[in-house]
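Below is one structure, written out as structure tokens, with a few remarks after it.
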Amino acid sequence: MRQVYLDYNASTPIAPEVRQVMLPLLENDFGNPSAMHQFGKNAKRAVEQARTQMADLIGANPEELIFTSGGTESNNHALKGVYDHYKDRGNHIITTSIEHPAVIEPCRYLSQNGAKITQVGVDEYGRVDPDEIEHAITEDTILISVMHSNNEVGTIQPIKKIGKLAKDRGILFHTDASQSLGKVEIDVDDLHVDLLTFAGHKLYAPKGIGALYIREGVKLSNFMHGAGHERGLRAGTENVIFAAALGEACSLAKENLQQNKEIKQLRDYFWGELKEHFQEKISLNGHPDHRLPNTLNINMIGRIGQEVLAQLSQVAASTGSACHAGEVTLSPVLSEMGVREEEGMGAIRFSLGKYTTKEEIEYVLEHMKKI
């Protein structure tokens with residue numbers, strides 16, 4: 001049976017160009033980057049080249065980036081590292097109610113260890129109001145953390161406005177850009193971002209590799225203790241192969257940003273065909289304009305998302321509702337957006353990628369119309 005992959009927001013395949021960069025490091029340049037011999041120097045060169053490639057994607061300096069095991073570690077390091085280092089100045093952190101669990105859970109942990117956490121809500125499109133962020137600021141606020149775009153509905157947040165607000169108030173600003181990198185242009189200076197999260201497996205690199213951008217002058221407590229790797233912030237011998245893979249993925253992303261216009265056109269075609277066929281039986285989740293170019297989150301009204309996907313067994317996609325013992329529960333994101341249960345129970349997220357074809361979209365449309 002033919003399979004169509006439309007779950008790129010969950011994970012991407014490894015790009016062939018990325019795979020090619022990894023192979024020599026598997027076979028030949030296997031040295032420890034801290035070693036002074038040629039094997040070590042070759043590995044070190046690969047790591048630093050990758051750091052430069054990542055920096056080029058976001059308009060940063062290479063020394064402002066450290067490698068991590070992925071987006072979850074980067075978010076944990078940003079939140080816990082800031083709190084631990086700056087808690088003498090204040091203990092208040094502001095975030096939103098629709099963040100990824102990799103932000104929500106560290107905030108919950110910090111709240112049990114002296115931090116005060118404020119979660120700002122969102123509108124019906126999943127977008128936060130910068131004025132609400134401003135109203136939440138107190139004299140004890142040391143960090144604001146708002147995701148660049150939502151992984152579920154694709155809504156892009158007004159990061160530049162929030163970043164400017166944080167900068168004017170002397171508050172550190174972190175954004176989880178895991179879902180946005182490679183899909184929209186990001187410049188850390190333009191956005192006034194102090195900390196930014198990368199995740200390799202959202203960017204056509206392997207799982208298990210990520211990075212954290214830390215603006216020069218920003219101090220974090222160590223996340224891993226040991227030898228002085230990664231500016232002393234994250235001990236442990238560098239994952240050379242995966243670091244090089246992430247670097248190449250970032251380089252490809254910068255080169256291919258224009259490709260996202262084609263992906264958006266394909267997504268919009270998909271949505272147009274669905275609307276024409278299903279009419280009042282379908283609705284859209286997420287902002288109609290401020291949204292990732294690849295993301296289409298819809299409600300099949302009167303249906304249950306899990307059941308629809310079960311009938312679309314040849315299509316890989318995600319649902320925003322869970323059904324247990326006849327009870328349907330909406331995802332926290334849809335609930336925070338105020339999506340009605342009779343709509344949201346039929347939520348399905350289709351996320352397209354660089355390898356999605358119009359033929360595949362036609363195939364999915366054909367099968368959706370049948371069921």
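In this chain, residues are counted from 1 in sequence order. Note that the structure is predicted; figures quoted are calculated from it, not measured.
Residues N294 and N260 have side chains not in contact (no heavy-atom distance under 4.5 Å, counting atoms from C-beta outward). In this structure the side chain of E64 never reaches within 4.5 angstrom of the side chain of I58, judged on heavy atoms. The side-chain heavy atoms of H174 and V193, taken from C-beta on, include no pair separated by under 4.5 Å. Side-chain contact between F67 and R51: present, with at least one pair of heavy atoms (C-beta onward) separated by less than 4.5 Å. Proximity of Q179 to M147: side-chain heavy atoms (C-beta onward) are nowhere separated by under 4.5 Å. Using a 4.5 Å heavy-atom threshold, the side chains of I186 and T175 count as separate. Within the 4.5 Å cutoff, the side chain of V122 has no heavy atoms near those of the R127 side chain.
Residue G305 comes nearest to T319 through the heavy atom pair CA-OG1, 3.6 Å, listed as atom of the first residue, atom of the second, then distance. Nearest approach of N297 to L284, heavy atoms of both residues: O-CD1, 3.5 Å. The two residues H148 and A177 come nearest to each other via the heavy atoms CB-CA, 4.0 Å. Minimum heavy-atom separation, A211 to T68: N-OG1, 3.3 Å. Annotation for T95 and S145: closest pair OG1-O, 2.9 Å, computed over non-hydrogen atoms.
Donor-acceptor pairing under 3.5 Å is recorded for the side chains of S331 and E152. Checking S283 against N299 by side-chain atom types alone, a donor-acceptor pair falls below 3.5 Å. K41 and Q38 form no side-chain donor-acceptor contact under 3.5 Å, judged by distance and modelled atom types alone. Donor-acceptor pairing under 3.5 Å is lacking for the side chains of D140 and T138. Looking at S251 and E248, their side chains never bring a donor and an acceptor atom within 3.5 Å of each other.
Between R215 and D189 there is a salt bridge, since at least one side-chain N of the basic residue sits less than 4.0 Å from a carboxylate O of the acidic one. Between E359 and R2 there is a salt bridge, since at least one side-chain N of the basic residue sits less than 4.0 Å from a carboxylate O of the acidic one.
Residue M22 holds its CE atom at 4.5 Å from CZ of F242, rounded to the nearest 0.5 Å. In this structure, L181 CG and T197 OG1 are separated by 9.5 Å, a value rounded to the nearest 0.5 Å. Interatomic distance, CD1 of I282 versus CD of E343, reported as 11.0 Å (0.5 Å rounding).
Note on residues 185-240: pairs passing ring pair (Phe, Tyr, Trp, His ring centres under 6.0 Å), not counting sequence neighbours, are H77-F223, Y204-Y355. Applying the ring pair (Phe, Tyr, Trp, His ring centres under 6.0 Å) test to pairs two or more places apart or on separate chains, those with a residue in residues 276-310 are Y125-H287, H287-H290.
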Could you go through I98 and Q157, starting from their C-alpha distance and side-chain angles, then the distance that decides it, and tell me whether this counts as side-chain contact (heavy atoms from CB on, under 4.5 Å)?
CA-CA 11 Å; I98 62 161; Q157 302 298 339; 3.7 Å; yes

Dump the intermediate steps for side-chain contact (heavy atoms from CB on, under 4.5 Å) on L246 and L203, then the final yes or no.
CA-CA 8 Å; L246 178 55; L203 200 60; 4.0 Å; yes

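Hydrophobic clustering, defined by side-chain heavy atoms of Ile, Leu, Val, Met, Phe, Trp and Tyr closer than 4.5 Å, leaves M36 isolated from every other such residue. Listed by chain and number, the hydrophobic cluster partners of L79 are I66, V82, Y83, Y86, I93, V103, Y109, L110, I117, I142, L143, L172, L195, L212, I214, V218, L220, L233, where partners are ILVMFWY side chains within reach of under 4.5 Å, directly or through others.
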Distance-only check: which donor-acceptor pairs under 3.5 Å involve side-chain atoms of residues 361-371, not counting sequence neighbours?
unit_1: E362; atom_1: OE1; unit_2: Y269; atom_2: OH; d: 3.4
unit_1: E362; atom_1: OE2; unit_2: Y269; atom_2: OH; d: 2.5
unit_1: H367; atom_1: ND1; unit_2: Q314; atom_2: NE2; d: 2.8

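Each of N75, V146, V333 was evaluated against E99; a single residue qualifies, V146, per the side chain to side chain contact (heavy atoms under 4.5 Å, CB included) test. A side chain to side chain donor-acceptor pair (under 3.5 Å) with T295 is found for exactly one of N150, T155, N9, N285, namely N9. Applying the side chain to side chain contact (heavy atoms under 4.5 Å, CB included) test between I162 and each of D129, V128, T96, V120 identifies V128 as the sole match.
Looking at residues two or more places apart in sequence or on another chain, you find a salt bridge (Lys or Arg N to Asp or Glu O under 4.0 Å) between K44 and E48.
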